[in-house]
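Reviewing the structure listed below.
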Amino acid sequence: MLPNRPQHTGNLPLGILGKVTGEKGLQDVVAAETRISDIDGKLGKLWYAGYSIDDLAANSTFEEITYLLQNGRLPSRIELDDITEQMVTDRETADFVTGLMPTLAEQTSPMSMLRTSVSAASAYDPDGWDQSPEANYRKAVRLTSVMPTLIALYDRHRRGLDPVPPNPKLPHAANFLYMLSGEEPAQEAARAFDIAFILYADHTMNASTFCARVVASTLADMHSAVVAAIAALKGPLHGGANEQAMRMLEEIGDVERAEAFVRDLLDRKQRIMGFGHRVYKTWDPRALILRDLAREQAEEAGDTRWFEISERIQKVMEEAKGLYPNVDFYAASLLHVLGLATDLFTPMFAAARAAGWTAHIREQYADNRLIRPDSEYIGPRDRTYVPVDDREAEEAS
């Protein structure tokens, strides 16, 4: 176990999804053993394969994190060069998927596009339906590599602009910004975006990761499991919080309006997006890093308005509710100043989380048992069938 993480203290054996009652949402139920990431919610700590997120954000790159999550260790120089080269090669999309993009850009939302495009990509994956560990490793790297290209293709098409091909000389995150704008990002902006990718790469048994592992446990292919994860992330209670946080900032518009706006929402018992977390009881460690990045990039861009509004909201929420920001809150103003359209925030989340999803899928395959939890029936019992003509209408219960 990782330092500062208490041992499992419930009534369930580790690694077994047991029968519990009382808490909805499977809270505190241990659904799997994993070597990929861990959280201490009381202390506000997150680790990837034993490495503190603070250490990794300060020193690592997303390419290195992709290797770490997939292999459980940091790469050697040769291994890092190999996976970097592979990720550059795998940025290209299949012609079939590229041909779908104009229609998808016209007819669908960004997350619907991503779900459909990943599903379509399975038909032309070079490894086909090979389920060997070697093939699934290649698929994991390939899916992680191609998602930014899919998002950028979509965004360029819907804006009536020519697609920008991937730049093989740029790192993963910097290339994503380049494909969106057509201009190479400044070094500081590229590094900030790379750190954001690192912070979003994995987060234990969240809803989309659990969904991916459930699908993988049926021995469905990797693309199917990732499509399921994207579908789960699409929901506003999971992946959409960063978008909603930005829309809230835009609605407030001025730092002097922030406190009254938030207190009005609280008085009406409405939720403030980007605050609170199922696991963390203090600051989300990723939010602390993103706060600093958001401030730095706002100052670099000469537009601190969105950061200042965010900071004012944070102080009001701590004072009024004792709640702290989660990863999505300061991500909003950071991604905005980096040039992402607001409705691309959740797809960016998916592009980064692909590294974690695919690592969890491979971990599930390696020691698989079909995930099939029990349920507690609470409906009526001992009812007798009555022919339809003899029934009187009943209200649904």
Side-chain angles (χ1 to χ4, degrees), residues 105 108-114 151 154-155 158-159 177 180-181 189 192-193 196 199-200 207 232-278 280 283-284 286-352:
T108 67
S109 68
M111 285 297 285
S112 294
M113 173 281 300
L114 195 60
I151 298 165
Y154 169 90
D155 187 56
R158 70 173 178 172
R159 290 191 285 149
L177 290 177
L180 287 170
S181 69
F193 200 42
L199 299 176
Y200 271 113
L233 190 69
K234 187 173 184 286
L237 292 184
H238 186 11
N242 49 17
E243 292 185 29
Q244 294 181 56
M246 189 63 222
R247 297 193 194 284
M248 176 178 65
L249 298 182
E250 291 173 330
E251 187 175 353
I252 293 171
D254 188 296
V255 68
E256 297 303 324
R257 295 187 62 238
E259 181 168 354
F261 184 94
V262 172
R263 291 191 182 278
D264 178 62
L265 288 182
L266 293 176
D267 288 344
R268 291 188 281 121
K269 309 297 183 184
Q270 295 195 20
R271 186 173 182 181
I272 310 298
M273 298 309 296
F275 285 85
H277 195 277
R278 179 70 73 85
Y280 294 116
W283 271 86
D284 181 331
R286 302 166 299 173
L288 287 167
I289 298 168
L290 287 166
R291 180 186 61 179
D292 293 341
L293 290 174
R295 178 191 296 111
E296 292 166 6
Q297 287 304 302
E299 291 172 351
E300 184 71 24
D303 181 7
T304 60
R305 175 169 55 139
W306 307 114
F307 176 78
E308 290 171 359
I309 295 172
S310 301
E311 197 169 42
R312 182 68 63 88
I313 294 170
Q314 173 212 313
K315 291 175 181 177
V316 173
M317 288 297 291
E318 285 189 45
E319 177 187 321
K321 301 293 290 184
L323 291 176
Y324 302 93
N326 58 42
V327 67
D328 295 310
F329 184 66
Y330 279 107
S333 60
L334 174 64
L335 296 178
H336 179 82
V337 80
L338 290 175
L340 270 72
T342 302
D343 65 355
L344 295 186
F345 290 5
T346 307
M348 172 269 163
F349 184 161

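Between P110 and R158, some side-chain heavy-atom pair lies under the 4.5 Å cut-off. Within the 4.5 Å cutoff, the side chain of Q270 has no heavy atoms near those of the D264 side chain. When side chains are defined from C-beta on, Y200 counts as touching D328, because their heavy atoms get closer than 4.5 Å. Residues S310 and L249 form a side-chain contact, since some pair of their non-hydrogen atoms from C-beta on lies under 4.5 Å apart. Using a 4.5 Å cut-off on side-chain heavy atoms (C-beta onward), M248 and I313 make contact. Residues P347 and M111 form a side-chain contact, since some pair of their non-hydrogen atoms from C-beta on lies under 4.5 Å apart. The side-chain heavy atoms of L323 and E318, taken from C-beta on, include no pair separated by under 4.5 Å. A heavy-atom distance below 4.5 Å is not found between the side chains of T346 and L114.
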Report task. Check step by step if side chain to side chain contact (heavy atoms under 4.5 Å, CB included) holds for N326 and F275. Result -> CA-CA 5 Å; N326 58 42; F275 285 85; 5.5 Å; no
Requested in this report: Using the side chain to side chain contact (heavy atoms under 4.5 Å, CB included) rule, take M317 and I272 through it: C-alpha gap first, then chi angles, then the decisive distance, then the call.
Outcome: CA-CA 9 Å; M317 288 297 291; I272 310 298; 3.6 Å; yes
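Considering every non-hydrogen atom in both D343 and E243, the closest pair reads O-OE2, 3.5 Å. Nearest heavy-atom pair, Q244 versus P236, reported as atom, atom and distance to 0.1 Å: NE2-CB, 3.2 Å. Residues L293 and L334 come closest through the heavy atom pair O-CD1, 3.8 Å. Between R312 and V255 the shortest heavy-atom distance is NH1-O, 3.7 Å. Here the shortest heavy-atom pairing between P325 and A287 reads O-CB, 3.6 Å. S109 and K234 get closest at one heavy-atom pair: OG-CE, 4.0 Å.
Using bins of under 30°, 30° to 60° and over 60° for the plane-to-plane angle, the ring pair W306/H336 lands in the perpendicular bin.
With sequence neighbours left out, E256 forms a side chain to side chain donor-acceptor pair (under 3.5 Å) with no residue at all. Listed by chain and residue number, R263 satisfy the salt bridge (charged side-chain N to carboxylate O under 4.0 Å, His left out) test with E319 (two or more places apart in sequence, or in another chain).
A distance of 12.0 Å separates CZ in F307 from CD in Q297, rounded to the nearest 0.5 Å. Rounded to the nearest 0.5 Å, atoms CE (M273) and CG (L237) are 7.0 Å apart. With rounding to the nearest 0.5 Å, the separation of CD in E251 from CD1 in I309 is 11.0 Å. Taking CG of L180 as the start and CG of L340 as the end, the distance is 5.5 Å to the nearest 0.5 Å. Atom CZ in F329 sits 9.5 Å away from atom CD in E311 (nearest 0.5 Å). L290 CG to L335 CG: the interatomic distance, rounded to the nearest 0.5 Å, is 8.0 Å.
Not one N or O on the side chain of S112 forms a donor-acceptor pair closer than 3.5 Å with the backbone of T108.
We find that D292 and R295 are joined by a salt bridge, their nearest charged nitrogen and carboxylate oxygen being less than 4.0 Å apart. A salt bridge does not link K315 with E259: none of the charged nitrogens is closer than 4.0 Å to a carboxylate oxygen.
Counted by atom type alone, Y330 and Q314 present one or more donor-acceptor pairs between their side chains at under 3.5 Å.
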